[in-house]
Amino acid sequence: MHPVETAAAPAAQAARDPRRAPSRGRIGTALASCWLALVVLGAAASSLLPALDPLRADFSAILEPPSAQHWLGTDAIGRDILARTLAGGRSSLIVGAMTVAFGLVAGGLLGIAAGYLRGVVDGAVGILTDLILAFPALILIMAVVSLSGAGYWTIGLLIGGLSVPAFARLARASTISVREQDYVLAARNMGAGPLRVMRTEIIPNVLPTVGAYSFAAVTASIVVEGSLSFLGFGLQPPLPSWGNLIAEGRVHFATAPWITAAPALTLCATVLSVNVLGQALSKGRP
Amino acid sequence: MMRTWTVRAGRAAIVLALLGLVTMSLPMLLTGNPALSVLGPDATPERIEAFLAELNLDDPPPARLADWLAAAAQGDLGTSLVTGRPVADEIARRLPVTLELLIGGQIVALAIAVPLAMASAWKPGGRVDRAGTLASFLLIATPPFIIALGLIAVFAVALGALPATGWRDAWIDPAGHLRHLALPVLATGLAEAAVLVRLLRAGLIETLDQPYILAARSRGMSAPVLLATRALRPSSFSALTIVGMTVGLAFGGSVLIESVFAIPGMGQLAMGAIETRDFPVIEAVIIFSGAAVVVASIAVDLIYSLVDPRTRNASR
C-alpha cells in the first residue's frame, strides 16, 4: 500500500489530460466545497458545543438505529454517532494539516536544494527519499506508536515524514526546469548567492506545482491516519478518529451497521471532495 | 549503460545499509531500554543485563547490523522472543500466504484495469469512459480497509455467500481455501485497479495520438488488435511503476487486508510482533520488506529497458 503515490495519480494526470469536458466539473466542485465546509464546521462545532460531546453516553438509547433524536443512531454505550463522526473529523483535519505543513516545508526545501545545488546535495536527498520509501510505512509507524505512544504530534510528524519523498521529488523536478531560465541567470549574474536565488527566484516559481500536491497529500494522510486508528495504532480511544470509530463498529457490524457506515462514508466523501477540488484547481491553472 | 547500472546498484546498497542501521537502532531509540519494555519494570538488573547481552541490544547499531548480516548469511534471522522459534521459519510459513494474496490481487487488478482502460481510451468521454472514470474516482477515495468492509457487508453479511474472515490450508481444504481467498483478493485487486485504470487510460490516450497508430488504423487494423498489439506496450510505463511498487511493498504483507480478513500472512506477523515487542521479528520483517522494495524498483527499471529499448540510453 502506498497512498502517497496512488493519491497523486488522479490529480497529476488530470492536468495533462485535455480531453476531459470542463463544464461537468462545476457542480462537482460546488458539492465538494460544501461538503468540506460542513466537515470543518462540524469539527469546530464538536469542540465548542456541549450538545455535540462525542463522549456523552445515553444509557437509555443503546445501539439505536438512526432516529429524529440521534440522526445517525447510537453505539453500544449510547453515544451519538453523529457527534462522534464530527469529532473524528477534527482528528483527521488536524493530522492532515500537520502532514501537509511538514511535508511541504521539509520536502519542498530538500527538493529545491537538491535541484538547484545538484552534486552531493542532490545525491544525499535522493538517498534519503529512497530510504523513506523503502521502509514498510505502516509497520514502521505502528512500531513507533506502540513503543513510544501516540498523539497528534507523533502521528502528524510520522505521516508528514512519509510525504516528504513525494514533495521533494516534485520540488526537485520543478526546480531543475526553472534553474536555467533567463531570470534566474540574470539574478545570478547580478551577484545573488545560491540562498538568495533560491529564496527570491526559485521558491515563488516552484511553489504552485509543489503546493498543488498538497491536496493529494491531505487525502493520503486522512487514509493513513484512518488505517492506523482502525488497526488500533493511531489516535487512541476515547479520542475519536474515523478509523477507530470504524474499528469499534465492527463488533456490531451485522446488527448495527450504522456505527461503521457513518464514519466510513464520511471518510470516503471527504477524500473524494479533496480530490475533486484538487483536480479543479490544477485544471484552472494556466 | 553499464555505468548507469553500477551507480544504481551502489545507491541501492547505500539505501539498504542505512535501512538496516535505522532498523537496528529502533529498539534503543524508541524505548530507551528495550529490556524494561519486555521484562517489565520489576526485572532485576542481572536479568536486564542478560537480556540485553543475549540480543546484543547494548551494542552500537553498526555492530548489531554486522552481527545480524553475518548470521543472516547462514540463514539465521534470529529467534522469536515470544514463540522461541527461528524467525526464518516463521517468515517461510507466512510468506506463501502473502504472496498468494499478492499474485491473486495483481491478476484481478490487471483483468479489470487493462480492458477498461482500453475501452475508455478508445472513446474518451464516451459512455464506458464516463462510467469507468466515475467508478475509479469513487474507488480511489475509498481506503482498502473500507473496500474490504464493504465487500464483507455485501458478500458475507447480506448474501451469506462467502466467509467473512479466516483462512484454510490449501492442501487440507482446497475448496474452503478458495472461498476464503476470494474476498481478500477482490479487495486488494479493486483498490489497485482503480489507480491502474487512470494511469493506463492517460498513457493510452497519449499513444493513440501518434502517427503510427493512424497509419495502422488506415490500413484497416481492428480496434482490439490495434490496442492490444500496438498501443498497450508503450502506454504502460506509469502503470508498470505502480505494479512494481505494489509488489515490492507487498512482501512486508498487507497489514490492513490481512487484519480485516484475519489472514496469517507477513502483515499479521509484523503486527503481532509489534504488539508483543518481539524485536527480532520486527527487525527481520522491516529489513526483509525494505530489501524487497529496493530489488523491485531495480527490477522495474530493468523491465522498462526490455519493454521500451528507447529508455536504455536515456539519462535519468
Side-chain angles (χ1 to χ4, degrees), chain A residues 1-3 5-7 9-10 12-14 16-17 19-21 24 123 126-128 130-131 133-140 142-148 219 222-224 226-227 230-233 243 246 249-250 253-254 257 260-261 264-265 267-276 279, chain B residues 11-12 14-16 18-19 22-23 26-27 30-31 37 124-125 133 136-138 140-146 149-150 152-153 157 191-192 194-195 198-199 201-202 205-206 238 241-242 245-246 249-250 252-256 259 267 270-271 274-275 277 282 285-286 289-291 293-294 297:
Chain A
M1 198 206 75
H2 226 275
E5 302 293 325
T6 52
Q13 173 244 331
R16 272 185 268 119
D17 185 354
R19 294 196 191 182
R20 270 185 62 86
R24 222 190 321 269
I127 285 174
L128 179 71
D130 280 4
L131 177 65
L133 290 177
F135 272 104
L138 272 184
I139 295 177
L140 184 70
M142 283 160 62
V144 175
V145 166
S146 157
L147 295 175
S148 62
T219 63
I222 293 177
V223 170
V224 174
S227 309
F230 174 75
L231 292 169
F233 289 92
I246 295 171
R250 276 195 75 195
F253 196 36
T260 313
L265 293 179
L267 195 165
C268 296
T270 306
V271 171
L272 185 65
S273 300
V274 178
N275 279 342
V276 167
Q279 196 183 29
Chain B
R11 190 159 140 171
I14 297 177
V15 167
L16 278 179
L18 288 174
L19 180 104
V22 174
T23 309
L26 280 181
L30 295 179
T31 60
S37 77
T133 302
S136 66
F137 256 89
L138 291 178
I140 284 175
T142 314
F145 71 98
I146 295 185
L149 290 176
I152 291 181
V157 178
E192 203 191 329
V195 180
R198 307 300 311 152
L199 296 174
R201 173 185 173 279
I205 286 179
E206 213 165 284
S238 39
T241 311
I242 294 289
M245 269 181 42
T246 316
L249 285 171
S254 168
V255 184
L256 285 162
S259 161
M271 204 165 136
I274 290 171
E275 275 163 356
R277 300 183 171 3
I282 302 178
V285 170
I286 293 184
S289 138
V293 170
V294 171
S297 86

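Every heavy atom of this structure was used, including side-chain atoms; hydrogens, water molecules and symmetry mates were not. In what follows, every chain begins at residue 1, and chains take the letters A, B, ... in the order their sequences are listed. Being a predicted model, the structure only gives us computed values, none of them experimental.
No other option in A:S146, A:P257, A:S148 has as many heavy-atom pairs under 4.5 Å with chain B as A:S146. Considering only heavy-atom pairs separated by less than 4.5 Å from chain A, the leading option among B:A191, B:P143, B:G150 is B:P143. Ranking B:I282, B:T241, B:V22, B:L16 against chain A, the residue ahead of the rest is B:V22, based on heavy-atom pairs under 4.5 Å.
A heavy-atom distance below 4.5 Å is found between the side chains of B:T23 and A:F135. For the pair B:V285 and A:P136, the minimum side-chain heavy-atom distance is 4.5 Å or more. Using a 4.5 Å heavy-atom cutoff, the side chains of A:I139 and B:I286 are in contact. In this structure, B:I146 and A:C268 have side chains that are in contact, with non-hydrogen atoms separated by less than 4.5 Å.
Expressed to the nearest 0.5 Å, how far CG of A:D130 lies from CG of B:L19 amounts to 11.5 Å. For the atom pair CG of B:L138 and CG of A:L272, the computed distance is 6.0 Å after rounding to the nearest 0.5 Å.
For A:L131, the parts lying near chain B are the backbone and the side chain together; criterion is any non-hydrogen pair under 4.5 Å. With a 4.5 angstrom heavy-atom cutoff, B:V15 touches chain A via backbone and side-chain atoms both. The part of A:T260 that comes within reach of chain B is its side chain, from C-beta onward, which places non-hydrogen atoms under 4.5 angstrom from that chain.
The closest donor-acceptor contact from the side chain of B:R277 to the backbone of A:L147 lies at 3.5 Å or more, if one exists at all.
Take A:A143 and apply the side-chain contact (heavy atoms from CB on, under 4.5 Å) test, not counting sequence neighbours, and it matches B:I274. The ring pair (Phe, Tyr, Trp, His ring centres under 6.0 Å) check on A:F230 picks up B:F145, with sequence neighbours excluded.
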